[in-house]
Amino acid sequence: MYFVRRILFAIPLLLVISLLGFAMCKLVPGGPFDSERRPASPEIERNRLARVHMDEPDWKQYLRFLGLVWKKDANGHWVHEPSTWNLSLKYRNHDVADVIEQGLPVSMTLGGLAFLFAMGIGIPLGFYTAVKQGRWEDYGGSLLALLSFCVPSFVVAPFLVLAFAMKLRWFPVALWGSPWHMILPTIALGSYFIGKVARLMREGMIQAAQSEFVTAARAKGLDEITLMFKHALRIALLPVVSYAGPMLADLLTGSFVVENIFQIPGIGIYFITSIENRDIFMTVDLAVLYAILLIGLNLLVDFSYTILDPRVKYE
Amino acid sequence: MSLYNARRIFRRAFFLLCLGMVVAGLGCGRHEPPADLTIINNIEPESLDPAIIVAQADMRVVSGLFEGLTRLEPVNARAVPGLASRWEISPDGLVYTFHLRTNLVWSTGEPIRADDVVYSWRRALDPKLASDYAGQLYYLKNGKEYNTGEITNPALVGVSAPDQFTVRVELKAPTAFFLDLCAFPTLDVVPRRTIEKYGDHWLRANPLPTDGAYTLGAWRLNDKIRLIKNTNYWDAANTQSKIIDILPVGSPSTALNLYERGQVDIVWDKELIPSELVDVLLKRPDFHAFDYLGTYFVRFNVTHHPFDDVRVRQALALAVDKSRIVKRITRAGEQTTSHLVPPGTANYESPQGLDYDPERARKLLAAAGYPGGKGFPRFEYLFNAAAGGGGKVHENIAIELQQMWHDELGITMTLRQVEGKVFWGTQQRMEYDLSKSSWIGDYDDANTFLGMFVTGDGNNETGWSNAQYDKLMAAANQQTDLKKRENMMQQAETILIKDGVPIIPLYIYKGMNYFDTNKIQGIWENVLDDHPLRTIKKIKTGT
């Protein structure tokens with residue numbers, strides 16, 4: 001019941017997001033067809049706007065975007081006018097749906113790999129530094145974690161390319177198409193999150209290790225390994241899991257920097273270029289797509305809480 | 001649901017997710033035959049519809065797919081017979097009669113007839129299509145009238161098909177460069193039936209009928225465009241490469257890395273040369289810089305005080321030491337210029353404009369009422385960030401100009417950098433004092449540069465208007481004698497760059513590209529930076 005309610009609540013939320021996105025696009029100066037060369041007559045400029053209904057008042061453009069415009073035809077019948085949500089103002093031969101259909105699977109593959117990479121290294125690293133708290137292993141590991149989220153991907157990516165693709169020639173420098181092409185971008189995209197995950201994990205573990213139920217279990221004579229792995233770890237994972245939702249939404253929708261440097265045909269690049277191009281419908285569509293992923297994954301996080309922590313119950 | 005079950009489901013889901021990713025990862029390994037030639041062009045084309053595209057990079061790809069009545073030859077980029085094998089021009093230069101080749105077919109096998117030419121040109125002018133470059137057909141009788149909605153009957157436009165192999169074109173005025181225009185993508189011949197069936201999505205029809213040297217093998221956004229030789233092309237025997245891959249790459253360093261690793265053969269856009277490295281890279285034998293029909297200049301808004309005074313504009317123009325800009329900032333061996341039309345333009349040689357003369361500049365400024373710059377209001381220089389590898393070029397030029405005007409004339413300019421779309425809009429609405437500008441020639445004729453500053457032209461954007469200039473330009477475009485025409489245009493350009501000065505020309509662009517001349521044949525340096533795909537070939541070295 002709780003989850004059904006949450007899903008229903010997401011619908012008005014998405015509407016608000018699309019309205020806000022649309023309004024912000026409208027507030028930004030510059031239009032989709034402003035360019036270096038002006039067409040030979042002002043009529044062309046007018047026709048370009050009229051073709052995509054951008055000569056209408058803003059409120060009507062938004063209603064049309066939602067597909068809520070009807071027009072009386074010659075016989076006096078109300079006819080539904082097609083929605084503009086799928087129109088790309090920049091890429092005229094493609095729909096927004098095509099752009100997403102071609103780019104999203106690529107970004108999701110890369111994002112998913114980066115997620116596994118960040119979790120696969122971040123969790124053990126956080127666990128290890130927590131267990132070795134206060135010792136040199138802790139300081140070394142924590143420094144590594146700190147470093148990984150302090151160095152942004154636009155520094156990591158060119159460095160990886162220079163070292164492993166240009167000097168050592170182990171991996172391709174860019175493009176997409178084989179598992180070999182995925183390795184450097186996965187590292188470049190995931191490395192930031194390793195640090196985040198490791199730090200959350202370390203703090204979670206330290207707190208869990210000090211909690212009463214652990215002390216009680218220890219007093220009962222449970223051995224340290226079972227204690228840490230079976231009991232403390234599960235509780236310590238909670239902050240990591242709640243962070244994993246938004247992180248996965250972030251990763252699955254691609255990254256402008258990584259896709260640009262490695263020339264990957266994903267969707268991340270459009271989050272930036274659609275705004276630069278004032279490709280208004282695509283911008284709003286992408287914002288809504290991101291919101292759907294975020295809401296969905298947060299829901300999944302809350303659901304997984306019930307599994308990880310038996311104390312959590314949703315009414 | 002018991003906790004145990006939930007955990008099992010969760011674990012299974014996680015396992016499936018991992019498995020899915022591995023499968024997806026392996027599945028991405030596509031099995032396509034390797035290309036004979038791989039070219040980095042620039043970013044993803046906006047469209048592949050010849051009537052829609054505006055960017056030069058997009059045109060380089062589209063010219064491989066579609067052709068017009070004429071086409072450009074690869075050496076000097078002059079118009080030579082394309083779909084039309086020959087033509088006659090009436091003595092007054094107003095009527096062109098083109099004769100189509102009789103063996104023309106689309107890549108899918110259907111014949112190409114004169115009706116297709118008529119359809120394609122009317123389509124490009126159709127107000128519903130809203131083509132940016134419809135102006136290229138305004139030279140036709142009733143071309144502008146149909147496009148702007150003054151007349152609604154397309155049959156009145158000056159293009160018709162008296163029989164299936166003849167196209168009759170009526171022009172408004174004799175147009176010296178009309179045959180060059182016939183090779184311009186806007187005038188390419190496109191497949192009517194496919195367009196009428198699929199609308200805006202016609203380029204993704206499979207198979208897509210094309211009439212150029214190539215067909216469209218694949219078009220994956222931001223991934224690649226694969227061109228495959230069109231065996232039905234009338235000149236297919238001379239098409240040099242069977243499969244060409246065009247990669248859309250926006251990052252100059254990625255382009256350079258791919259080239260250095262041998263994954264691409266040609267990188268052919270000047271925006272893809274990192275500006276920080278340009279002087280180093282151009283020393284290499286595989287990097288080429290050549291003259292190009294493009295001019296970098298500064299626009300004055302002549303409606304803003306004090307730039308409404310021509311002496312002020314002349315003073316600013318005379319105080320610019322242009323050699324400092326090309327030596328310190330652009331560094332690709334660009335030529336400084338005092339005129340707008342680049343050298344090398346067909347049938348035209350520019351007059352000299354205002355050269356560096358700080359002494360005269362100070363006198364003019366004093367005569368305008370600002371001795372030593374005293375009392376000169378603060379003013380603003382508008383510019384945007386350069387595309388691709390350009391990096392900070394516009395900004396650095398702005399700083400250099402600011403410095404020069406401060407030192408020579410004692411006046412203070414503030415800099416205002418804005419984002420791309422904001423820049424174009426601000427310039428068009430003339431909400432600036434001075435602005436960074438440039439122009440790349442659409443065709444090899446002085447009119448593509450000088451026509452811009454005729455009163456009322458959409459690209460004038462300076463507020464400058466000169467009746468004598470307008471008269472000379474109009475007369476020049478009526479003139480069929482090339483020598484007389486050149487003379488009129490020279491008089492007009494003198495007014496523009498010496499007497500009126502709504503602009504300060506700074507330097508002539510260099511076209512730049514890189515490829516190994518020992519491995520690649522069929523690319524010649526020409527002022528339009530146009531290199532037909534059909535003539536390019538990679539020599540197999542056996543490695």
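In the text below, chain A, chain B and the rest are named by the order of the sequence lines, each starting its count at 1. Values below: all heavy atoms of this structure, side chains included; hydrogens, waters and symmetry mates excluded.
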Point to revise | Candidate pair B:Lys128 and A:Arg51, rule side-chain contact (heavy atoms from CB on, under 4.5 Å), full reasoning | key: CA-CA 7 Å; B:Lys128 278 202 221 73; A:Arg51 213 182 62 86; over 6 Å; no
Checking [X] against chain A: side chain, backbone, both or neither under 4.5 Å from a heavy atom?
X: B:Val54; result: neither
X: B:Leu247; result: side chain
X: B:Ile52; result: side chain
X: B:Ser438; result: both
X: B:Leu125; result: neither

Would you indicate whether the side-chain heavy atoms of [Y] and [X] approach each other to under 4.5 Å?
X: B:Phe423; Y: A:Asp34; answer: no
X: B:Arg204; Y: A:Asp98; answer: yes
X: B:Arg261; Y: A:Pro172; answer: no

Surrounding [atom1] of [X] (heavy atoms of other residues, nucleotides or ligands, distance under 6.0 Å), is the total greater than 12?
X: A:Lys230; atom1: NZ; answer: no
X: A:Phe229; atom1: CZ; answer: no
X: A:Glu101; atom1: CD; answer: no
X: A:Phe213; atom1: CZ; answer: yes

Practice item. Report yes or no: do A:Asn93 and B:Ser47 form a side-chain donor-acceptor pair below 3.5 Å? Key: yes
Exercise for review: Would you tell me whether B:His201 and A:Asp95 have side-chain atoms, one donor and one acceptor, within less than 3.5 Å of each other?
Suggested key: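 Yes, A:Asp95 and B:His201 have a side-chain donor paired with an acceptor closer than 3.5 Å.
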Practice item. Sort A:Val28 into side chain, backbone, both or neither according to what part of it lies under 4.5 angstrom from a heavy atom of chain B. Key: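 Neither; nothing under 4.5 Å.
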Check your understanding: Does any heavy atom of chain B fall under 4.5 Å from the side chain of A:Ala165, the backbone, both, or neither of them?
Key -> both
Highest number of heavy-atom pairs under 4.5 Å with chain B: which of [options]?
options: A:Glu36, A:Arg278, A:Glu43; answer: A:Glu36
options: A:Pro39, A:Ala174, A:Ser35; answer: A:Ser35
options: A:Gly30, A:Pro29, A:Ser41; answer: A:Ser41
options: A:Leu175, A:Ile269, A:Leu49, A:Thr273; answer: A:Leu175
options: A:Pro42, A:Ser88, A:Pro32; answer: A:Pro32
options: A:Arg169, A:Glu45, A:Glu276; answer: A:Arg169

Residue among [options] with most heavy-atom pairs under 4.5 Å to chain A:
options: B:Pro248, B:Ser253, B:Gly456; answer: B:Pro248
options: B:Val422, B:Val249, B:Asp457, B:Thr426; answer: B:Val249
options: B:Lys421, B:Glu461, B:Lys144; answer: B:Lys421
options: B:Asn384, B:Asp49, B:Ile43, B:Asp442; answer: B:Asp442
options: B:Glu419, B:Gln136, B:Gln428; answer: B:Gln428

Point to revise | B:Leu129 CG to A:Asn47 CG distance, which is reported to the nearest 0.5 Å | key: 10.0 Å
Check your understanding: Measuring from B:Thr254:OG1 to A:Gln263:CD, what's the distance to the nearest 0.5 Å?
Key ->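 Between atom OG1 of B:Thr254 and atom CD of A:Gln263 there are 7.0 Å.
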Practice item. Compare every heavy atom of A:Ala40 with every heavy atom of B:Gly135, then report the nearest pair and how far apart it is. Key: CA-CB, 3.5 Å
Point to revise | Derivation of the salt bridge (charged side-chain N to carboxylate O under 4.0 Å, His left out) call for A:Arg38 and B:Asp132 | key: CA-CA 8 Å; A:Arg38 287 189 81 175; B:Asp132 258 17; over 6 Å; no
Point to revise | Intermediate values then yes/no, salt bridge (charged side-chain N to carboxylate O under 4.0 Å, His left out), A:Arg92 and B:Asp200 | key: CA-CA 7 Å; A:Arg92 202 164 149 170; B:Asp200 268 348; 3.6 Å; yes
Check your understanding: Could A:Arg37 and B:Trp439 be counted as a cation-pi pair, given that NZ or CZ must be under 6.0 Å from the ring centre and within 45° of the axis?
Key -> yes
Practice item. Using modelled atom types only, decide if a donor and an acceptor are shared between the side chain of A:Gln102 and the backbone of B:Leu221 within a distance under 3.5 Å. Key: yes
